[in-house]
Amino acid sequence: MSRNNSIAILALAAAVFASGAARADFGSCLAGLKAAAARQGISAATFDRVMAGVTPDPKVMEAFNSQPEFKTPLWDYLAFLVDEQKVSEGRAMMARHARALASAEQRYGVDRYAIAAVWGVESDYGNLKGRWALPQSLGTLSCTPNRRQAYFRGELMSTLKIVHRGDLAPQKLTGSWAGAFGQTQFMPSTYLRLAVDGDGDGRRDLVDSAADALHSTANYLRKSGWQTGAPWGYEVRVPAGYSGPSGRKAKQPVSSWAARGITRIDGGSLSGGGSAGLLMPAGRNGPAFLVFKNYDAAYSYNGADSYALAISILSDRLRGRPGIRGAWPTDDRGISRAERKEIQVLLLRRGYQIGEADGAIGQITRRAIADYQRKIGMQPDGRPGGKVLDSLRAGR
């Protein structure tokens, strides 16, 4: 036997051994989790039912460890999430579920447009619920060393409790790789704390019941400090050369902002009770907003200004108000979902193998865009913006 063949056989044997050891470690971890579940009142039958066939999923860890190769500017994020399609579909869904939204608004004092906006951003009004089986993803994250392992073990225990209590069957528990599920994407522990029955059937079904999802979201926002009848905020104009305080947390009386020369975007006087923060998410050369407590409630849902602003602006658009009027600091506009799909169609026509044209821009499409940009002399940043679309339309 040649030396090269011997090395190959040894390498294969080592890989097989490592794979077997990994499976043994995973099985040992699951056994420990089963014992921990029993201490929390979860039956062995429930654990076996939920975790049957669960094996470590390397794709979950890839998602956990991935560092986005391409950054998304705020104007792209908002152009994608708050486009005309989202607004028109949202108004139709609000009409279809008017009774549930009115009931949730009355029960919790949370504006129905804000509830619907969360629904639209989180799952496109129930159309996108995620593809990851929670037992598989949370089992992987619970039994693979990572910096948040204890957190994911807690979410797995919450998932087991949901099934043990009879709220949902295991096959209904699909969502994000991190464990968020349902029409408004609750983590399992959040479900246990805040999910409510909105349709009166005695169950809390955030997967198949829009009423339950909408009432639960209203309950979440109320518990996060939502103030009935108060605004989230509004767009403002900041004087040239402004150098004062800013940020969501740097709240001051509205009168103090007025004293600094800040007005509404249309030049009108500021209004609103309580304190507000001056939000300038793209810096001093982009749009600015005064934000109140209800903006903070939206922020708590995801912990990002981009997200809270998308919720807030979408709620305004659903109500019939205009969108953002200030200009973003870019000469390359953000584009809608329909325009993103058009970019994919045009790339496919040029021979790029990017899969289906669905408007969802992933890493493969971004790399194709970068290659196209390189060929036409643009900076190859992979961004699906207006300039790329215009160039593809022009047949360059």
Side-chain angles (χ1 to χ4, degrees), residues 56-90 120-134 136-137 140-141 174-181 183 185 282 302 304 306-307 309-310 314 328 330-396:
D57 186 347
K59 291 184 178 180
V60 172
M61 296 313 301
E62 287 175 14
F64 177 83
N65 291 316
S66 67
Q67 296 297 323
E69 182 178 345
F70 302 95
K71 302 296 183 182
T72 302
L74 181 55
W75 44 91
D76 283 349
Y77 183 84
L78 292 174
F80 172 74
L81 281 177
V82 191
D83 59 7
E84 293 302 323
Q85 179 182 345
K86 185 81 72 176
V87 174
S88 61
E89 290 175 351
V121 168
E122 287 291 350
S123 71
D124 199 22
Y125 309 107
N127 290 314
L128 304 173
K129 300 177 185 177
R131 62 183 180 85
W132 304 83
L134 264 62
Q136 184 85 23
S137 59
T140 298
L141 291 162
T174 59
S176 72
W177 64 264
F181 74 99
Q183 296 195 33
Q185 293 292 283
N302 188 273
S306 55
Y307 176 89
L309 198 56
L314 180 56
W328 295 107
T330 178
D331 62 352
D332 192 359
R333 72 186 187 280
I335 59 175
S336 67
R337 285 179 290 171
E339 290 173 319
R340 287 176 173 228
K341 184 175 181 178
E342 185 180 355
I343 280 181
Q344 292 175 317
V345 169
L346 294 172
L347 287 171
L348 285 167
R349 289 178 184 172
R350 287 176 171 270
Y352 287 99
Q353 301 300 309
I354 59 172
E356 180 185 0
D358 56 5
I361 304 294
Q363 296 297 313
I364 294 175
T365 300
R366 289 182 182 274
R367 292 188 183 106
I369 292 172
D371 182 72
Y372 170 75
Q373 290 171 317
R374 193 176 295 109
K375 289 177 179 177
I376 64 171
M378 289 180 64
Q379 179 183 351
D381 58 9
R383 176 176 171 262
K387 287 185 176 181
V388 164
L389 177 58
D390 291 343
S391 180
L392 285 166
R393 283 172 173 172
R396 288 181 60 189

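Keep in mind the model is a prediction, meaning the values are calculated, not measured.
- In this structure, Ser336 contributes its side chain and Glu339 its backbone to a donor-acceptor pair below 3.5 Å.
- Two residues are said to be in side-chain contact when any heavy atoms from C-beta on lie closer than 4.5 Å; Asp358 and Lys341 fail this criterion.
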Residue pair Leu81, Leu314: steps toward the side-chain contact (heavy atoms from CB on, under 4.5 Å) verdict: CA-CA 8 Å; Leu81 281 177; Leu314 180 56; over 6 Å; no

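- Judged by distance alone, the side chain of Gln183 and the main-chain N or O of Ser123 form no donor-acceptor pair under 3.5 Å.
- Between Ala310 and Val82, the shortest heavy-atom contact is O-CG2, 3.8 Å.
- For the atom pair Tyr125 OH and Glu89 CD, the distance stands at 7.5 Å (nearest 0.5 Å).
- More than 12 heavy atoms of other residues, nucleotides or ligands lie within 6.0 Å of CD1 in Ile376, so this atom counts as buried by the packing criterion.
- Side chain of Glu122 to backbone of Gln185: no donor-acceptor contact under 3.5 angstrom is found.
- The CG atom of Leu134 sits 10.0 Å away from atom CG of Leu141, with the distance rounded to the nearest 0.5 Å.
- Heavy atoms only, all atoms of each residue included: Pro384 and Ile369 are closest at CB-CD1, 3.7 Å.
- Contact record, Ala357 with Val345: CB-CG2, 3.7 Å, taken as the closest heavy-atom pair.
- At a threshold of 4.0 Å, the pair Arg337-Asp124 counts as salt-bridged, since one of the basic side-chain nitrogens sits closer than that to a carboxylate oxygen.
- Scanning both residues, Ala370 and Pro380, for their nearest heavy atoms gives O-CB, 3.5 Å.
- Ring geometry, Trp177 versus Phe64: the interplanar angle exceeds 60°, so the pair is classed perpendicular (tilted spans 30 to 60°).
- Side-chain atoms of Arg333 do not come within 3.5 Å of backbone N or O of Gly385 as any donor-acceptor pair.
- Residues satisfying the salt bridge (charged side-chain N to carboxylate O under 4.0 Å, His left out) test with Asp371, not counting sequence neighbours, are Arg374, Lys375.
- Taken from CG in Leu74 to CG in Leu309, the straight-line distance is 6.0 Å, to the nearest 0.5 Å.
- For the pair Arg383 and Asp332, the salt-bridge criterion is met [side-chain N within less than 4.0 Å of a carboxylate O].
- When every heavy atom of Gly359 is checked against every heavy atom of Phe80, the shortest pair comes out as O-CE1, 3.9 Å.
- Side-chain N/O atoms of Thr365 and Tyr352 include no donor and acceptor closer than 3.5 Å.
- Counting only distance, with no hydrogens or angles, the side chain of Gln373 and the backbone of Val388 share no donor-acceptor pair below 3.5 Å.
- Checking side-chain atoms of Glu342 against main-chain N and O of Leu389 turns up no donor-acceptor pair under 3.5 Å.
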Full working for side-chain contact (heavy atoms from CB on, under 4.5 Å) between Asp83 and Leu78: CA-CA 8 Å; Asp83 59 7; Leu78 292 174; over 6 Å; no

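- The line from OH of Tyr372 to CG of Leu392 is 4.0 Å long, rounded to the nearest 0.5 Å.
- Side-chain contact between Trp132 and Phe181 is absent, with no heavy-atom pair separated by less than 4.5 Å.
- Among all heavy-atom pairs drawn from Ala63 and Ser66, the shortest one is O-OG, 3.1 Å.
- If you take CG on Leu347 and CZ on Arg349, they are separated by 11.0 Å, rounding to the nearest 0.5 Å.
- Using a 4.0 Å cut-off between charged side-chain N and carboxylate O, Asp331 and Lys387 make a salt bridge.
- Note that NZ of Lys129 is 14.5 Å distant from OG of Ser176, once rounded to the nearest 0.5 Å.
- Checking side-chain atoms of Gln353 against main-chain N and O of Gly351 turns up a donor-acceptor pair under 3.5 Å.
- Under a 3.5 Å cut-off, the side chain of Thr140 and the backbone N or O of Asp57 do form a donor-acceptor pair.
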